[in-house]
Structures are given as C-alpha cells and as structure tokens.
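None of these values were measured; they are calculated from a predicted model.
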Amino acid sequence: MLGKLIPFVQTKREAAMGKPYSVDLRERVVAAIDTGMSTGEAAKRFCVSKAAAGAWARLKRATGRVVPARQGKPKGSVLDAHADFILGV
C-alpha cells in the first residue's frame, strides 16, 4: 500500500534484482589494471568498488573474459535426476 501512496517507494515484494555492470565498463576497469594502475586507483577512477574491480581482474586472468554470470535460479528441480526412482515408488 505504501508503494501506491508514494510511487517511488519500493516494498520488499516489488524490489527487483540489481543489474550487473556493463561488459564495456568491466573491460575498461580491467584494461586500466593491466596497464599498471592499482586496483584501488582503477576502482576510484571508474566509480566502482575495489572488490568489484579486483574480482573482474581475477575473472579476466582465470577465464580471459569479464562477462557477468547469469542471474536467477536455474531451470528444473533438484529432484529431476531422481524422477524415475520417485515415480517408481
């Protein structure tokens, strides 16, 4: 009800997941770190957290990419692998 009275107020049910930072921003931050800038300096320059900048640099070293992981629940159920057993009971 509060969200209807004051349109910009979000209640818990209406709150959505945050969006990941763009791949372009991630690549620029990692490129700055790769050219010798410290993680903290790159984070400050691009207005992101030091933890995010460090995580993106580690992701780039490990996988060669900085693409964000998928958000949300995976499709299917934990019990799908046991469907034959469950249905056979």
Side-chain angles (χ1 to χ4, degrees):
M1 178 152 160
L2 187 60
K4 292 184 187 241
L5 296 175
I6 306 171
F8 58 86
V9 173
Q10 288 186 338
T11 59
K12 284 187 178 183
R13 269 189 302 192
E14 296 170 349
M17 289 181 65
K19 303 258 186 228
Y21 285 108
S22 70
V23 174
D24 176 57
L25 175 63
R26 291 165 175 250
E27 289 174 344
R28 288 186 285 143
V29 171
V30 171
I33 293 170
D34 288 344
T35 60
M37 190 178 287
S38 75
T39 304
E41 291 170 343
K44 188 178 276 189
R45 178 178 178 188
F46 292 99
C47 299
V48 298
S49 70
K50 193 187 305 186
W56 298 337
R58 286 189 301 277
L59 182 65
K60 176 74 172 192
R61 283 193 301 271
T63 66
R65 301 169 11 140
V66 292
V67 178
R70 288 189 59 127
Q71 291 184 333
K73 294 182 188 177
K75 302 251 189 242
S77 169
V78 180
L79 299 176
D80 283 348
H82 307 285
D84 293 335
F85 175 76
I86 293 170
L87 295 173
V89 171

Practice task
Report yes or no: do Met37 and Val29 belong to one cluster of Ile/Leu/Val/Met/Phe/Trp/Tyr joined by side chain heavy-atom distances under 4.5 Å?
Solution key: no

Problem - Hphob cluster co-occupancy, Tyr21 + Ile33, side-chain heavy atoms under 4.5 angstrom - result: yes

Problem - Listed partners of Asp84 passing salt bridge (Lys or Arg N to Asp or Glu O under 4.0 Å), at least two apart - result: none

Heavy-atom pair with the smallest gap, counting every atom of [X] and [Y]:
X     : Y     : answer
Leu59 : Val66 : CD2-CA, 3.9 Å
Arg26 : Val67 : NH1-C, 4.2 Å
Val48 : Ala53 : CG2-CB, 4.4 Å

Practice task
Give the C-alpha distance, both sets of side-chain angles, the deciding distance and a yes or no for side-chain contact (heavy atoms from CB on, under 4.5 Å) between Glu27 and Val30.
Solution key: CA-CA 5 Å; Glu27 289 174 344; Val30 171; 5.9 Å; no

Problem - Donor-acceptor pair, side chain of Glu41 and main chain of Gly36, under 3.5 angstrom - result: no

Problem - Pairwise distance NZ(Lys50) to OG(Ser38) - rounded to 0.5 angstrom - result: 7.5 Å

